[in-house]
Amino acid sequence: MTAFDADQQIVVGIDPLDPSVPTLAWAADEAERRNVPLRLVLAVPPGHDTQHVDATPQRLSLQAQGREALAAASETVFRLTPGAHVVTELVDGLPAVELCRRTTGPTRLIVVGSRRLGRAAEILSIRSVAAPLSAQAHCPVVVVRSPEHTAQEPAQLVVGVDGSDSSREAVRFAFEEAELRHASVHAVWVWPRPLIELAGESGRETRTRLLAETVAEHSVRHPGVNVTQEVRRGHPVEELARVSSAALAVVVGRRGYGGYTGMRLGSVVHGLLHRAECPVITVPR
């Protein structure tokens with residue numbers, strides 16, 4: 001292996017309550033593939049009294065547990081990828097906030113697991129990381145809720161397309177990632193069913209054309225990546241979850257045309273974080 005690219009890194013959020021081997025495995029594989037260091041970050045949330053320095057025995061115990069969790073995570077990475085270059089970082093603060101601060105500069109990807117919290121807990125709990133990080137990060141966020149699927153031949157990345165600038169960024173990332181992995185890309189445009197179904201399929205031809213136009217530029221840039229395209233009818237979350245059930249990952253833009261103005265995280269992304277049976281990669285725009 002050549003020298004590591006010190007100008008780039010992949011960050012992994014470590015959860016001391018739920019150490020995720022699939023998350024570490026995904027990140028370690030990706031770091032090896034990109035030949036970059038892996039930074040393992042564990043944030044210890046503040047106590048209830050935020051006006052004084054918290055040096056209570058409970059706080060010190062949490063920090064000690066954090067160091068133990070980082071050491072265990074490092075051992076797991078080295079067991080999975082003996083040649084990995086690993087840096088560990090224990091910080092005080094809210095996990096989502098501290099991880100988001102590390103999504104600029106040399107960070108190319110940030111990888112976290114999923115605690116499978118309910119929707120309300122994802123929004124309100126200080127334990128929530130996946131949703132707020134996906135909504136605010138400055139680099140792509142990988143949420144490993146379920147392991148990637150490698151049995152399908154050839155291996156495939158699914159990318160959701162809806163014509164938005166955000167989805168175009170997702171397509172760009174999907175092609176770059178597929179080239180690194182020697183995988184194919186399956187580009188999917190999900191056409192929601194209206195409340196009242198009108199006769200005819202006049203919109204399908206338009207969406208098929210727009211999908212082809214979105215993919216064409218990246219096919220030229222990455223001629224070695226095989227790509228398939230599909231327009232489906234139904235709910236975007238359900239259809240993308242279904243079509244990506246055997247994929248390496250499903251890639252989506254942070255904000256598509258769904259949801260409401262001002263939302264930081266699109267409704268499709270939020271739904272996939274709860275429904276997808278493979279890693280979800282959210283690409284900012």
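Heavy-atom basis, side chains included; hydrogens, waters and symmetry copies ignored.
A 4.5 Å side-chain heavy-atom check between V185 and V159 finds at least one atom pair inside the cut-off. In this structure, T103 and V11 have side chains that are not in contact, with every pair of non-hydrogen atoms separated by 4.5 Å or more. For the pair V190/H235, no side-chain contact is recorded, criterion being any heavy-atom separation below 4.5 Å from C-beta on. For the pair V41 and R102, the minimum side-chain heavy-atom distance is below 4.5 Å.
With sequence neighbours excluded, the residues that form a side-chain hydrogen bond (donor to acceptor under 3.5 Å, both in side chains) with E213 are R209. Applying the ring pair (Phe, Tyr, Trp, His ring centres under 6.0 Å) test to H218 and every residue at least two apart in sequence or in another chain returns F175. By the side-chain contact (heavy atoms from CB on, under 4.5 Å) test, P147 pairs with P22, sequence neighbours left out. A search for ring pair (Phe, Tyr, Trp, His ring centres under 6.0 Å) contacts involving H186 returns nothing, not counting sequence neighbours. Under the rule for a side-chain contact (heavy atoms from CB on, under 4.5 Å), the partners of T214 that lie at least two apart in sequence or sit in another chain are V161, R168, V171.
Listed by first then second residue, pairs satisfying ring-ring contact (aromatic ring centres under 6.0 Å, His included) with a partner in residues 75-97 read F4-H85, not counting sequence neighbours.
How far CD of E153 is from OG of S184: 10.0 Å, rounded to the nearest 0.5 Å. Atom CZ in R233 sits 7.0 Å away from atom CZ in R207 (nearest 0.5 Å). We find the CD-CG distance between Q63 and L90 to be 6.5 Å, quoted to the nearest 0.5 Å.
Contact record, A170 with V251: O-CG1, 3.6 Å, taken as the closest heavy-atom pair. Looking at every heavy atom in both residues, A73 comes nearest to I14 through CB-CD1, 4.0 Å. Nearest approach of A137 to V141, heavy atoms of both residues: CB-CG2, 3.4 Å. Nearest heavy atoms, E30 versus L109: CG-CD1, 3.6 Å. The minimum heavy-atom distance between S219 and V227, with the atom names listed, is OG-CG1, 3.6 Å. T23 and G113 make their closest contact through OG1-CA, 3.4 Å (heavy atoms, listed as atom of the first residue, atom of the second, distance).
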